[in-house]
Structure formats: C-alpha cells, structure tokens
Enquirer: 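Just passing along the structure, written as structure tokens.
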Number of protein chains: 2
Amino acid sequence: MPKQVDHESRRRQIAEAVCQLADESGLEGVTLRDVAARAEVSMGAVQRCFGTKEEMLVFALGHVGEQVAGRLSARLTASPAQSARTALGHAASEVSLVQEERRAEARVWLAFAAQAAVSPSLAEILRSNYADLHKVFAQLITEGCDTPDPERAARTLLALADGLTTHVLIGHLSPTAALGVLDGHLNQLWNERAS
Amino acid sequence: MPKQVDHESRRRQIAEAVCQLADESGLEGVTLRDVAARAEVSMGAVQRCFGTKEEMLVFALGHVGEQVAGRLSARLTASPAQSARTALGHAASEVSLVQEERRAEARVWLAFAAQAAVSPSLAEILRSNYADLHKVFAQLITEGCDTPDPERAARTLLALADGLTTHVLIGHLSPTAALGVLDGHLNQLWNERAS
DNA sequence: ACCGTTCCGATGCGCCCGTATCGGTTCGGC
DNA sequence: GCCGAACCGATACGGGCGCATCGGAACGGT
C-alpha cells in the first residue's frame, strides 16, 4: 500500500470548510470548488473523500451535530455539582446557538434544516441529533423538577431553543432577549407545581 | 399607451408559482424558467415583472406573509366572542403551520428563513412580519391573562411556534405532538399566576 | 531496486443558471 | 388609419456548476 492519507481527518477538514462557506453565503454558496479552495486541498481530493456532493453535506451535518453534542455533554460533565436548574439553563443556551461566537454554527444549522425539508438523507441526520438532545433534556427535567409531563416539557424546550435561534439569526430578537426568554421559560417550568 | 396588463395580479400569480416550487424542492429549486413554466407565462414576462430574481423572491416572501397574516386576522375577527385563551390557541396553531394543509407554506417559510440569514432584503421582510405577529400575540396575552411580562410571553410563544414548525417539517415531531406542546404551553401560561 | 497500487491535481464535458437583447405583435391616441 | 409605445416570446451569452477522466507522482511490499 502506497501513500497513506488519513481520510477521516481530511473529511473533517473538508466539513469545516463546508461550514465556513455555509455560514458566509448559505448552503447554495457551497460549491465543490469553493470547498476545495477553503479546505486548501484540490478538487480531486474532495471528490475522492466524498463520492458526491450530497454525501459531503451529510457528513458535514453530522460533523456539526457532533460538535454541538460534544460541547453540551462537556458542559454538563464539567460541573456536575450545580443544580439541575442551572444545568438545564446552560444546556438550553448551548443548544440554542444565540451566543455571538456560535452565530456561524447557527447559520449552518438553519441552512441544513431548510435543506432537510426536501432532502430525506439530511432529515435523517437531523432527526437523530434531535432525538439525542431530547433525551438529554428530558433526563435533566425529570431529575430536576416535578412537572407532570417531562417528555412534553423537553419537546417544548427544544422547540423553543430552535425558534429562538432562528429569530436571533433573522434579527427579530437580540441574543440578550433570547436568553431572557429562555430563562423566563425555565423559571416558569420550575415554579409550575411549586406554587 | 398600448396593451395594458394587470401587473399586480400577474405578480401574485408568479409568487404563487414560486411558493409551489419552493415547497417541492426548496428555494434553490426555484429557477426563473421553472417559475415561468409553473405560472404558465413566458420567461420574458417574469423578467418584466421583476427586474431581478431577488426582487421576485422578496415579493413572494411578502406574499406568503400577507397570506398568513390575513388568515390570522380572519380567524380572530370571525369569532370574537370566544375566550382570549382559545383565541390565542387558534392564533398560535395558525402561525405554527403544523396542520397538514399548511405544510407547503411551512416549507416555504423555512426556505426563506434560511435564505434570510444571508440576504438582508429578505431578512427585512421577515422581521416586519414577525413584528406584526408579535404585536398580535402580545395584545392577546395582555388581554387574556395576567402574566407579569406579556411582551416576553409573546416572544416565547412566537419562538415556540416557529420551532415546532421546523421540528414537524423535519419529522422530529408529529403535528399532533406539536399541537400538544402548544396547548400545554398555553395552559401553563394561563395558570402561571392563578394558582 | 523496482513495481503495482493508491493518491493527486488539472482539465474537459455537458448542463443549466440569470440576464441581456431583439424582432414581432398589440393596442390606445390622434 | 396609422404610429409609436408598451408588451411579448424566443433566443443568445457568459459563467459556474457537479461530475468524469487521466497522466504522473509518491510510496510500501518483496
């Protein structure tokens, strides 16, 4: 076997380029040529890593999903002693990517979400990501507060986080306002049965 | 002046075609040729109505915004005698386009939202639409329940509705589950201070 | 040392995009 | 009745796209 190259790391490198471009000009600004240029590899290399453009996008979406999930679990395990309330607050603000430094990831997420509405393979990845996030949220809610339907509370929180992401991206809400909404919702959730 | 044609109605006809195509294959499946074919006019007619493709998209987005707003106010004025609670429920379920027959509009909305993240002129339209919806929600909430911060409650509800739309489109939630989330949230909102 | 396999970058191909252009047609004004 | 302005459909054009191809470079096995 001649010339070995670490395919996996190259794929990640390309996925990173995809995300940068999707952040700058949307998913339709992601062309094989531009991706290759941004990743500083040749176009042929991109084609060898991914047989088709769709494959590349699927991998990139999985990549960002892993990043978000990784940051989330890192944040949860990093300081486990805190209350479930603050843990959930951190988790939710992590998932809704309202912080300035996550704006790029938010744009990438929105672009992929739109594409997923007409591309089953992308939708599949997104569904699996959402299922994971739902489990985490539901677990935290079950542990931390005695709301009657933790599953529904988790669905609510996840949808709220995504809606806030969208509204911040569009400019309808400021990041501060979004965080305020999130915090208020969590407070309401905590006081629900503890009147 | 020779040959008069109703520009405005033709623009609406074209906007309708844009929505149909965006529903079927996303915004990037919207090409001038396909739009012209779907609207059953020539490509030249499309070009005369809209100087550029972006103009056409902006108009189409405004068009769907008007439709949603129109349906919303129609539903609110149609049966004004009902309680503010049910009025808000109807409004929210109307805005979150979870019903099967609104699926097309939902896909169109998501496609435009993603594009708006990188296109200021589209973002402008969306912001104005959201501002209107926010006013309606805030008004209903102020009238109907005595939550301490109606503005924030309105922001929460609007973001939640959008997030649910997205999740239903992707297939993470069923329309029924989404409606359940919405209803549960409104109940929580109503019981907040009425313990 | 050399050989076959694997990787590489460049180039070509066919297609479709948005836009510009243009001759023909239709009609109101005089 | 004709004339010019407004409209129409078709076609031309330059460019960028995704994908396929190919000669050569790089390297491990024997």
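Sequence lines set the chain letters: A, B, ... in the order given, protein chains first and strands last, and positions in each chain run from 1.
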Enquirer: Taking CD from A/Glu28 and C1' from C/dC17, how many angstroms apart are they, rounded to a whole number?
Expert: 12 Å
Enquirer: Give the rounded distance in Å between these two atoms: CG of A/Leu57 and C1' of D/dC19.
Expert: 15 Å
Enquirer: Quick one: on DNA chain C, does A/Met43 or B/Met43 contact a more 5' nucleotide (nearest heavy atom)?
Expert: A/Met43
Enquirer: Could you tell me whether B/Arg12 and B/Glu66 have a side-chain N and a carboxylate O separated by less than 4.0 Å?
Expert: no
Enquirer: On a heavy-atom basis, which atom in A/Ala117 and which in B/Leu110 lie closest, and how many Å separate them?
Expert: CB-CD2, 4.3 Å
Enquirer: Determine, step by step, whether B/Arg102 and B/Glu94 satisfy the salt bridge (Lys or Arg N to Asp or Glu O under 4.0 Å) criterion, reporting the C-alpha distance in whole Å, the side-chain angles of both residues, the deciding distance to 0.1 Å, and the verdict.
Expert: CA-CA 9 Å; B/Arg102 303 287 174 239; B/Glu94 195 76 58; 3.8 Å; yes
Enquirer: What contact category does B/Val30 fall into here, base, sugar-phosphate, or nothing, at under 4.0 angstrom with non-hydrogen atoms?
Expert: sugar-phosphate
Enquirer: Which part of the nucleic acid, if any, lies within contact of A/Leu32, taking any heavy atom under 4.0 Å across all strands shown: a base, the sugar-phosphate backbone alone, or nothing?
Expert: sugar-phosphate
Enquirer: Has B/Glu101 got more than 12 heavy atoms of other residues, nucleotides or ligands less than 6.0 Å from its CD?
Expert: yes
Enquirer: Is B/Ser42 close enough to D/dC8 that one of its side-chain N or O atoms is under 4.0 Å from OP1 or OP2 there?
Expert: no
Enquirer: Rounding to an integer number of Å, can you tell me how far B/Phe50 CZ sits from D/dC8 P?
Expert: 13 Å
Enquirer: Please state whether the phosphate of D/dT11, meaning OP1 or OP2, lies under 4.0 angstrom from any side-chain nitrogen or oxygen of B/Arg33.
Expert: no
Enquirer: Rounded to whole angstrom units, what separation is found between the CZ atom of B/Arg10 and the C1' atom of D/dC7?
Expert: 9 Å
Enquirer: Counting just side-chain N and O atoms, does A/Thr52 come under 4.0 Å of either OP1 or OP2 of D/dC19?
Expert: yes
Enquirer: State plainly whether the residues A/Arg38 and A/Glu24 are in salt-bridge range, i.e. N to O under 4.0 Å.
Expert: yes
Enquirer: Using atom CG of A/Leu21 as one end and atom P of D/dG16 as the other, report the distance to the nearest whole Å.
Expert: 16 Å
Enquirer: Take atom NZ of A/Lys53 and atom C1' of D/dC17, then tell me their distance rounded to the nearest Å.
Expert: 8 Å
Enquirer: Can you tell me the distance, in whole Å, between the CD atom of A/Glu54 and the P atom of D/dC17?
Expert: 18 Å
Enquirer: Please determine, for the side chain of B/Gln47, which listed nucleotide (C/dG9, D/dA10, D/dG9) has the closest atom?
Expert: D/dA10
Enquirer: Once you round it to whole Å, what is the distance between C1' of C/dC8 and CD of A/Gln13?
Expert: 14 Å
Enquirer: Of the listed nucleotides (C/dG12, C/dG18, D/dC7), which one gets closest to any side-chain atom of B/Arg48?
Expert: D/dC7
Enquirer: Nearest to the side chain of B/Thr31, which nucleotide is it out of D/dA20, D/dG9, C/dC17?
Expert: C/dC17
